[in-house]
Number of protein chains: 2
Amino acid sequence: MAVSVLGHTLLGLLAREPASGLDLTHALQQRIAFFWHARHSQVYPELARLEKDGLVVHTVVPQRDRPDKKVYALTERGRQILLGWLLAPTDPPQIRDEFLVKVTSFWLIEPERAIDLLLDQARQHEERLAMLTGIEGGMQADFQAALADPSAPPFMTYLTLQRGLSYEREYAAWCRWAAEYLRQHQRPDRDAGA
Amino acid sequence: MAVSVLGHTLLGLLAREPASGLDLTHALQQRIAFFWHARHSQVYPELARLEKDGLVVHTVVPQRDRPDKKVYALTERGRQILLGWLLAPTDPPQIRDEFLVKVTSFWLIEPERAIDLLLDQARQHEERLAMLTGIEGGMQADFQAALADPSAPPFMTYLTLQRGLSYEREYAAWCRWAAEYLRQHQRPDRDAGA
DNA sequence: TCCTACATGTAAGGTGTTACATGATTCC
DNA sequence: GGAATCATGTAACACCTTACATGTAGGA
């Protein structure tokens with residue numbers, strides 16, 4: 001009855017409020033989890049597994065205007081499993097970053113090209129930073145009270161949002177630093193002209 | 001003949017110098033790739049695939065004192081594939097971070113416990129930071145000349161090492177900030193006593 | 001009628017981890 | 001003889017992505 005990270009993630013979302021598979025899929029693609037995502041093709045089978053283990057239960061909710069949906073809710077047993085996972089120590093994440101793997105081989109290409117690729121990457125992270133900043137603005141307008149209450153979900157969303165912001169800010173800054181560092185070292189004979 | 005990220009990573013390592021499967025496995029577990037790792041059970045089949053596609057070739061090297069080994073080398077075709085991958089644009093990495101997923105559910109547990117977990121995580125990242133700092137010191141002592149030459153592999157290793165350093169530094173700082181932020185908000189009535 | 005969004009699933013294939021398996025050589 | 005390291009592989013399973021598949025309902 002081992003529960004995967006995805007399983008625990010779904011339990012965590014359901015601890016906030018009951019939701020359908022599609023609701024959870026949307027949450028995993030945008031909102032809450034900037035740090036874990038999954039497609040619906042993973043979510044539906046996982047919910048079935050969790051229900052088989054008695055951690056969630058579903059009820060079919062008829063809707064006018066739309067197809068019926070299955071709304072899942074956390075059981076007491078599910079809540080216990082979730083709490084156990086939260087309190088257990090966690091190993092630091094092992095990073096998988098294709099771009100940084102590429103950079104380790106950039107000695108093979110012209111510095112000018114490497115600089116372009118670094119600046120391109122910087123721009124991508126700055127875009128994400130801007131997107132997260134937008135979300136931050138919305139939160140501060142909409143959840144004033146909850147942001148001061150550590151027992152309300154938005155408080156934690158705010159904490160992880162700050163993590164996302166500083167991650168993207170730091171990544172973009174490194175890209176620009178590395179590009180500049182490369183520029184300064186690319187041609188010793190050009191240094192005087194800079 | 002689609003080549004995976006792991007395949008390209010191996011090509012990148014072989015562009016530096018020919019190596020055996022075990023050499024490459026060691027490199028993927030420690031040295032070069034802080035940003036991608038793999039076990040030998042993935043490396044050996046991947047090398048066979050690369051050879052089948054004509055991107056690498058191996059020669060058996062007999063050794064006294066040890067079992068024989070297969071030393072793989074990059075082919076011209078492999079070099080071309082590698083260069084194409086390096087120059088292609090890269091999507092920003094999608095983060096998978098179990099701890100941050102947990103944090104989004106920390107509103108369920110006592111703030112004191114959440115603070116402990118955040119500080120525990122901070123310590124883990126500070127340990128990794130210390131380890132990387134040690135590597136940095138060794139590099140500066142051993143590769144003085146190469147660190148100024150963008151066409152030498154250590155130059156790029158240095159760039160990515162800086163990325164690792166600032167990533168770990170930033171992560172640890174966020175953990176401590178979040179713990180402190182939680183402490184300040186956990187009990188409005190305790191604020192005066194702090 | 002066609003397209004989009006809602007809603008739920010299954011299937012195939014690639015990637016990654018853990019465990020199993022074998023054998024050589026060196027050191028204790 | 002037994003343990004450790006070097007060296008190379010295979011097998012089973014979990015995880016994840018892409019594509020396939022079906023059906024409802026509303027709007028252009």
Side-chain angles (χ1 to χ4, degrees), chain A residues 1-10 14 18-30 33 35-53 56-72 91 93-98 101, chain B residues 1-11 14 18-30 33 35-53 56-72 85 91 93-98 101:
Chain A
M1 209 226 51
V3 181
S4 64
V5 175
L6 175 61
H8 286 118
T9 306
L10 296 175
L14 292 174
S20 70
L22 196 62
D23 295 337
L24 294 167
T25 302
H26 288 324
L28 281 169
Q29 276 170 352
Q30 315 152 26
F35 310 112
W36 205 271
H37 32 109
R39 313 294 170 91
H40 75 273
S41 61
Q42 244 188 307
V43 170
Y44 289 117
E46 185 63 33
L47 284 170
R49 228 168 293 147
L50 293 173
E51 185 154 43
K52 183 174 62 66
D53 291 338
V56 301
V57 285
H58 85 267
T59 51
V60 175
V61 174
Q63 301 183 106
R64 341 153 248 180
D65 301 6
R66 295 181 191 178
D68 298 353
K69 62 177 174 181
K70 291 185 182 180
V71 173
Y72 287 86
D91 284 335
Q94 39 128 331
I95 313 170
R96 286 187 177 273
D97 187 322
E98 183 174 7
V101 178
Chain B
M1 206 228 51
V3 181
S4 63
V5 176
L6 175 61
H8 287 118
T9 306
L10 295 176
L11 295 179
L14 291 175
S20 70
L22 195 62
D23 294 338
L24 294 167
T25 301
H26 288 325
L28 280 169
Q29 277 170 351
Q30 315 153 25
F35 310 111
W36 206 271
H37 33 109
R39 312 295 169 92
H40 75 274
S41 62
Q42 243 188 308
V43 171
Y44 289 116
E46 185 64 33
L47 284 169
R49 227 167 293 146
L50 294 172
E51 185 154 44
K52 183 175 63 65
D53 291 339
V56 301
V57 285
H58 85 265
T59 51
V60 176
V61 174
Q63 302 183 104
R64 341 154 247 179
D65 303 3
R66 296 181 190 179
D68 297 354
K69 62 177 175 180
K70 291 184 182 180
V71 172
Y72 286 86
W85 176 68
D91 284 335
Q94 39 128 330
I95 313 170
R96 286 187 177 273
D97 188 320
E98 184 173 9
V101 178

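Computed from a predicted structure; not experimentally measured. All chains are named by letter (A, B, ...) in the order of the sequence lines, taking the proteins before the strands, and each is independently numbered beginning at 1.
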Could you state the NE2-C1' distance from B/H26 to D/dT8, rounded to the nearest angstrom?
-> 12 Å
Tell me which nucleotide among D/dA7, D/dT17, C/dT8 gets nearest to the side chain of B/Y44.
-> D/dA7
Between C/dA24 (C1') and B/D68 (CG): distance, integer Å = 9 Å
So, is B/Q63 near the phosphate of D/dC6, with a side-chain N or O under 4.0 Å from OP1 or OP2?
-> no
Return the value, rounded to whole Å, for the distance between atom NE2 of B/H37 and atom P of C/dG16.
-> 11 Å
How far does CD of B/E46 sit from NE2 of B/H40, to the nearest 0.5 angstrom?
-> 15.0 Å
Describe the nucleic acid contact of A/E46 in one word from base, sugar-phosphate, nothing, applying a heavy-atom distance below 4.0 Å.
-> nothing
Look at the side-chain N and O atoms of B/R66 and state whether any lies under 4.0 Å from the OP1 or OP2 oxygen of D/dA7.
-> yes
When the distance from CZ of A/R49 to P of C/dG9 is rounded to whole Å, what number comes out?
-> 13 Å
Quickly work out the A/K69 NZ to D/dT22 C1' distance and round it to whole Å.
-> 20 Å
Roughly how far apart are B/H37 NE2 and A/Q94 CD, rounded to 0.5 Å?
-> 4.0 Å
Is there side-chain contact between B/L24 and B/L14, with at least one heavy-atom pair below 4.5 Å?
-> yes
Indicate yes or no: at least one non-hydrogen side-chain atom of A/L22 is less than 4.5 angstrom from one of A/V43.
-> no
Whole-Å distance, A/L28 CG to D/dC16 P, equals 11 Å
Give B/R96 one of three labels, base, sugar-phosphate or nothing, depending on what nucleic acid heavy atoms sit under 4.0 Å from its own.
-> sugar-phosphate
For the pair made of CG in B/L10 and P in D/dT8, what is the distance, rounded to whole Å?
-> 13 Å
What's the CD-C1' distance between A/Q29 and D/dT17, to the nearest Å?
-> 12 Å
Options C/dC6, D/dA25, C/dG16, nucleotide nearest the side-chain atoms of A/D65 = D/dA25
With a 4.0 Å cut-off on heavy atoms, is A/R39 in touch with a base, just the backbone sugar-phosphate, or nothing at all?
-> base
What nucleic acid atoms does B/S41 come within less than 4.0 Å of, heavy atoms only: base, sugar-phosphate, or nothing?
-> base
Just to confirm, is there a sub-4.0 Å distance from OP1 or OP2 of D/dC15 to any side-chain nitrogen or oxygen of A/Q42?
-> no
Output the single nucleotide from C/dT8, D/dA7, C/dA7 whose closest atom is nearest the side chain of A/P67.
-> C/dA7
Phosphate OP1/OP2 of C/dG9 contacted by A/K70 side-chain N/O (<4.0 Å) = yes
Give me the ring orientation class for B/H8 and B/W85: parallel if the planes are under 30° apart, tilted from 30 to 60°, perpendicular past 60°.
-> parallel
Comparing A/H40 with A/R64, nearest DNA chain D nucleotide closer to 5' gives the residue A/H40
